[in-house]
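Okay, so here's the structure we're looking at.
Position 1 is the first residue of the sequence; numbering continues from there.
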Amino acid sequence: ITFYLRLNEEKYSALIDTALNRIGNICVRIHIIDDGKWPAQYLLSRKPLFMGLQDFNSVDLHKMKKKININYVVITSQNDDLTNWLIREAYWLGCFYYSNITFSISVISPEAQQIEARLRFDCPNIFSSDIPDSDKVSKVVVNPCISIDNLSSSNLLSELSKLNRQDNNTLSYYVVHAGDDITSMNLSIKIREWTIRNQIEKGKKPDRVSLPTIAFYCTNSDIGYLSNKLIVQTMDHGNNWYNNYNII
């Protein structure tokens with residue numbers, strides 16, 4: 001017997017455990033599909049937070065004691081289960097065996113206060129700066145959530161600029177969850193164009209290595225398929241930074 005349950009795992013886990021306990025020695029398989037938790041795990045397992053670190057030589061990192069900042073930014077329009085899990089999953093996955101990494105988690109949202117209040121309720125110590133306590137692993141920091149009027153506001157790019165004021169050893173990872181697929185996709189494109197423009201203004205040549213990772217939440221498989229190789233208008237399909245938005 002196999003059951004597939006589509007529900008919030010945390011809310012119903014006690015009931016499921018009780019039901020399984022009451023059937024004795026009968027073996028029943030339970031597959032839980034949590035619409036909030038599963039997409040966050042799927043993203044961070046297929047496109048891990050350490051992707052940008054692969055461009056650094058591991059031997060050189062330890063010899064040079066190079067300090068690296070990883071900015072993980074969740075841009076969301078709502079306080080929902082997916083937003084909650086995008087932060088919580090990144091929190092424990094951001095602990096690397098390299099003490100000179102600072103993994104910084106930020107949230108930008110019109111519902112920033114509600115998101116932060118829920119995080120403090122679900123995970124009371126997540127905003128603590130005292131962990132991890134080992135001098136051999138990275139420092140994980142969850143910043144206070146940043147409130148803006150809406151995701152179409154110019155304040156969004158201003159806040160992203162503040163978070164991006166670091167040296168050349170800063171890696172950025174943006175996750176966009178703007179309510180619907182098309183809005184999320186277009187906002188991701190806007191952020192990609194903004195990052196390219198910033199690099200050009202600084203006299204740098206944009207490429208796949210220097211540009212940040214950008215992912216957006218998409219529920220429509222057709223939109224997801226097409227946006228996986230989303231080309232720039234009037235450009236031929238290709239695999240270069242200038243003709244492919246390279247959005248996850």
Side-chain angles (χ1 to χ4, degrees), residues 1-51 53-54 70 72-97 103 105 107 109 111 114-128 131-132 134 137-138 140 142 173-185 188 213-229 247-248:
I1 301 174
T2 303
F3 288 101
Y4 294 86
L5 305 179
R6 190 171 189 173
L7 43 73
N8 184 307
E9 180 182 343
E10 288 191 324
K11 289 182 178 179
Y12 289 90
S13 60
L15 292 174
I16 295 171
D17 290 342
T18 302
L20 290 174
N21 182 264
R22 288 176 65 85
I23 63 176
N25 295 325
I26 300 174
C27 182
V28 178
R29 291 184 178 183
I30 301 288
H31 297 274
I32 298 177
I33 304 169
D34 189 325
D35 289 328
K37 186 176 183 180
W38 184 85
Q41 291 180 329
Y42 186 75
L43 169 65
L44 297 177
S45 63
R46 295 198 63 189
K47 302 293 180 180
L49 300 166
F50 57 78
M51 280 198 308
L53 294 175
Q54 297 175 98
I70 301 178
Y72 174 78
V73 185
V74 178
I75 303 162
T76 178
S77 62
Q78 54 202 301
N79 172 27
D80 61 0
D81 292 342
L82 176 57
T83 299
N84 189 267
W85 279 113
L86 283 169
I87 302 163
R88 292 169 61 177
E89 290 294 300
Y91 178 76
W92 69 270
L93 288 171
C95 191
F96 304 100
Y97 186 64
F103 180 69
I105 301 174
V107 179
S109 174
E111 299 191 10
Q114 296 92 321
I115 293 170
E116 182 169 331
R118 180 176 178 181
L119 282 171
R120 291 186 184 276
F121 179 78
D122 291 340
C123 312
N125 292 323
I126 199 169
F127 288 91
S128 172
I131 51 178
S134 171
V137 297
S138 57
V140 182
V142 181
Y173 193 126
Y174 301 117
V175 183
V176 178
H177 174 31
D180 66 83
D181 297 345
I182 298 300
T183 303
S184 297
M185 181 189 73
S188 300
T213 300
I214 302 176
F216 77 95
Y217 180 55
C218 183
T219 59
N220 186 308
S221 59
D222 294 329
I223 295 175
Y225 174 78
L226 289 172
S227 61
N228 191 41
K229 297 294 183 181
I247 296 172
I248 300 168

Review point. Taking it one step at a time, do Thr213 and Ile248 satisfy side chain to side chain contact (heavy atoms under 4.5 Å, CB included)?
Key: CA-CA 8 Å; Thr213 300; Ile248 300 168; 3.4 Å; yes
Check your understanding: side chain to side chain donor-acceptor pair (under 3.5 Å) with Glu111: which residues, sequence neighbours excluded?
Key -> none
Revision key, fill the gap. So CG of Leu86 and CD1 of Ile105: to nearest 0.5 Å the spacing works out to 10.5 Å
**Study point:** Residue list, side-chain contact (heavy atoms from CB on, under 4.5 Å) with Thr183, at least two apart or on another chain
**Key:** Ala178, Asp180
Check your understanding: Of all heavy-atom pairs between Phe216 and Ser227, which one has the smallest distance, and what is that distance?
Key -> CZ-OG, 3.5 Å
Check your understanding: For Glu10, what residues pass the side chain to side chain donor-acceptor pair (under 3.5 Å) criterion, not counting sequence neighbours?
Key -> Arg88
Check your understanding: Can you tell me how far OH of Tyr91 sits from SG of Cys123, rounded to the nearest 0.5 angstrom?
Key -> 8.5 Å
Exercise for review: Measure across Gly179 and Ser77 and return the closest heavy-atom pair with its distance rounded to 0.1 Å.
Suggested key: N-OG, 3.4 Å
Practice item. Compare every heavy atom of Leu44 with every heavy atom of Ala90, then report the nearest pair and how far apart it is. Key: N-CD1, 3.7 Å
Point to revise | Partner residues of Phe96 under the ring pair (Phe, Tyr, Trp, His ring centres under 6.0 Å) criterion, sequence neighbours left out | key: none
Check your understanding: How many angstroms lie between CD1 in Ile247 and SG in Cys218, if you round to the nearest 0.5 Å?
Key -> 11.0 Å
Review point. Residues in ring pair (Phe, Tyr, Trp, His ring centres under 6.0 Å) with Tyr42, at least two apart?
Key: Trp38
Point to revise | Shortest non-hydrogen separation from Val140 to Gly94 and the atoms involved | key: CG2-O, 3.6 Å
Exercise for review: Please report the shortest heavy-atom distance between Ile115 and Gln78, naming the atom on each side.
Suggested key: CD1-O, 3.8 Å
Exercise for review: Using ring pair (Phe, Tyr, Trp, His ring centres under 6.0 Å) as the criterion, list what pairs up with Tyr72, not counting sequence neighbours.
Suggested key: Tyr173
Check your understanding: So which pairs with a foot in residues 2-29 pass ring-ring contact (aromatic ring centres under 6.0 Å, His included), sequence neighbours left out?
Key -> Tyr4-His31
Point to revise | Phe127 side chain near Glu116 side chain, heavy-atom distance below 4.5 Å | key: yes
Review point. For Asp81, which residues count as a side chain to side chain donor-acceptor pair (under 3.5 Å) partner, sequence neighbours excluded?
Key: Asn8, Arg118
Exercise for review: Answer yes or no: is there a side-chain heavy-atom contact under 4.5 Å between Leu82 and Pro39?
Suggested key: yes
Point to revise | Validation row: Leu226, Asn228 side chains within 4.5 angstrom (heavy atoms) | key: no
Check your understanding: Hey, is CD1 on Ile1 packed in by over 12 heavy atoms from elsewhere, all under 6.0 Å?
Key -> no
Exercise for review: Can you run down the salt bridge (Lys or Arg N to Asp or Glu O under 4.0 Å) pairs that involve residues 31-41, sequence neighbours left out, and say none if there aren't any?
Suggested key: Arg6-Asp35, Glu9-Lys37
Review point. Nearest 0.5 Å, what's the CD1-NZ distance between Ile16 and Lys11?
Key: 13.0 Å
Study note, to complete from the structure: In this structure, SG of Cys95 is separated from CG of Leu49 (nearest 0.5 Å) by 12.0 Å
Check your understanding: Would a 4.5 Å heavy-atom cut-off, applied to side chains only, mark Ile33 and Leu5 as touching?
Key -> no
Review point. For residues Thr219 and Asp181, is any side-chain donor paired with an opposing acceptor at under 3.5 Å?
Key: yes
Exercise for review: If a pair satisfies side chain to side chain donor-acceptor pair (under 3.5 Å) and one of its residues is in residues 16-30, list it, with sequence neighbours excluded.
Suggested key: none
Review point. Can you list the residues that meet the side chain to side chain donor-acceptor pair (under 3.5 Å) rule with Thr83, with sequence neighbours excluded?
Key: Thr76, Asp80
Practice item. Find the distance between CD1 (Ile87) and CD1 (Ile126) and round it off to the nearest 0.5 Å. Key: 7.0 Å
